[in-house]
K.L.:
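My structure is below; once you've seen it, I'll send some questions.
As the structure is a prediction and not an experimental result, all values here were calculated from the model. A, B, ... follow the sequence lines: proteins, then strands. Residue 1 opens every chain. Just the heavy atoms: all of them, side chains too, but no hydrogens, waters or symmetry mates, feed the values below.
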Number of protein chains: 2
Amino acid sequence: MQRHTKQRVAIESAIGESGRPLSPAEILQAARATVPSLNLATVYRTLKRLGEAGEVTVIQIPGEAPRYNLYHEEERHHHHFRCNKCGGVFCMEGCVEGLKTLLPDGFRMTGHDILLYGLCPACSA
Amino acid sequence: MQRHTKQRVAIESAIGESGRPLSPAEILQAARATVPSLNLATVYRTLKRLGEAGEVTVIQIPGEAPRYNLYHEEERHHHHFRCNKCGGVFCMEGCVEGLKTLLPDGFRMTGHDILLYGLCPACSA
DNA sequence: CTAGTTGCAAAGCATTTGCCTGTGG
DNA sequence: CCACAGGCAAATGCTTTGCAACTAG
């Protein structure tokens, strides 16, 4: 991250203002409201740089496009929820106990991911 | 699944004999030992059919190629462990309590996935 | 100025599809 | 027989890269 260009600002704003993780295509669409000439290749390059700089985090739901979020300093350990109907992804605070009880003998655990599926408030209404 | 072709047999054998989930490319390589003319497109088509017939299951680790396993009737609810060193994926029996405590108000949960990361016995030695 | 960025187009790579030939039952 | 399968090649969709033009500092 060296230069402060309008493209980069538009991309960061798009992610930050959405309130939920966005895919590269969604970011492109949103950021074009500010910079119409914005190119998808630039979105990918910028996301890569922002990721290396630790300014964005990636959420990978199996079988789906990666989604990007701004990194917040106060960010805690959290997990994600995916709505089966609208496909939206949401963050959930907290975690569960007892994950180590799943480990067979000889395995050492250094990290984990939990993904819940179901219906979000809007879709279950 | 209608016809019983040598290609399909080779693909099923390759998956069954490996003992671990295989990617399409790995399946191609293994099955070509039996049917050298086997084509990658056939592997994809066959995996799709076997999947729809419930004969194979897919394991999707975020950011990695999908891996396929034979489905066993006695198969129970389980989760997976991925070794950070060798990249191997292993199944773990059991589950944890309290996943519902993660849900924010208004969310309804219908399913979940848990993925543990760390070192397998061979790599932690 | 000038190195980092961008837009565009082309290249990559995994996966899918069209089409015609081959074959299992 | 003949509808399902397979081989091959082209098409697709997402992501990356080469390169010349542009611009922030």
K.L.:
Measuring to OP1 and OP2 of dG7(C), would you say a side-chain N or O of S37(A) lies under 4.0 angstrom away?
P.N.:
yes

K.L.:
Measure the distance from NZ on K6(A) to P on dG25(D) and round it to the nearest whole Å.
P.N.:
13 Å

K.L.:
Does T5(A) put a side-chain nitrogen or oxygen below 4.0 Å from OP1 or OP2 of dT6(C)?
P.N.:
yes

K.L.:
Membership question, hydrophobic clusters at under 4.5 Å side-chain separation (ILVMFWY): are I15(A) and V35(A) in the same one?
P.N.:
yes

K.L.:
Should Q7(B) be listed as having a side-chain N or O under 4.0 Å from OP1 or OP2 of dG7(D)?
P.N.:
yes

K.L.:
What I'd like to find out is whether the side chain of L38(B) reaches to under 4.5 Å of the side chain of L28(B), using heavy atoms alone.
P.N.:
yes

K.L.:
Quick one, F107(A) with F90(B), criterion ring pair (Phe, Tyr, Trp, His ring centres under 6.0 Å). Give me CA distance, side-chain angles, the key distance, then yes/no.
P.N.:
CA-CA 10 Å; F107(A) 284 80; F90(B) 306 82; 5.3 Å; yes

K.L.:
Identify whether the distance between the nearest side-chain nitrogen and carboxylate oxygen of E26(A) and R67(A) falls below 4.0 Å.
P.N.:
no

K.L.:
Without decimals, in angstroms, what is the distance between I11(A) CD1 and dG7(C) P?
P.N.:
8 Å

K.L.:
Return the 5'-most residue of the pair L38(A), A65(B) with respect to DNA chain C, ranking by each residue's nearest nucleotide.
P.N.:
L38(A)

K.L.:
Taking only N and O in the side chain of R49(A), is any of them less than 4.0 Å away from OP1 or OP2 of dT6(C)?
P.N.:
yes

K.L.:
Across the strands shown, which category fits A41(B) at heavy-atom distances under 4.0 angstrom: base, sugar-phosphate, nothing?
P.N.:
base

K.L.:
Once hydrogens and angles are ignored, does a donor-acceptor distance under 3.5 Å link the base of dG7(C) to the side chain of R45(A)?
P.N.:
yes

K.L.:
Does the side chain of H79(A) come under 3.5 Å of the side chain of H112(B) through a donor N or O and an acceptor N or O?
P.N.:
no

K.L.:
Would you kindly compare H4(B) and L40(B) by the position of their nearest DNA chain C nucleotide and give the one closer to the 5′ end?
P.N.:
L40(B)

K.L.:
So, is N39(B) close to the dG6(D) phosphate, meaning a side-chain N or O under 4.0 Å from OP1 or OP2?
P.N.:
no

K.L.:
Spell out yes or no: do the side chain of R3(B) and the base of dA3(D) have one donor N/O and one acceptor N/O closer than 3.5 Å?
P.N.:
yes

K.L.:
With respect to the phosphate group of dG7(D), does any side-chain polar atom (N or O) of T42(B) fall under 4.0 Å of OP1 or OP2?
P.N.:
yes

K.L.:
Write down the distance between CD1 (I27(A)) and P (dC14(D)), rounded to a whole number of angstrom.
P.N.:
14 Å

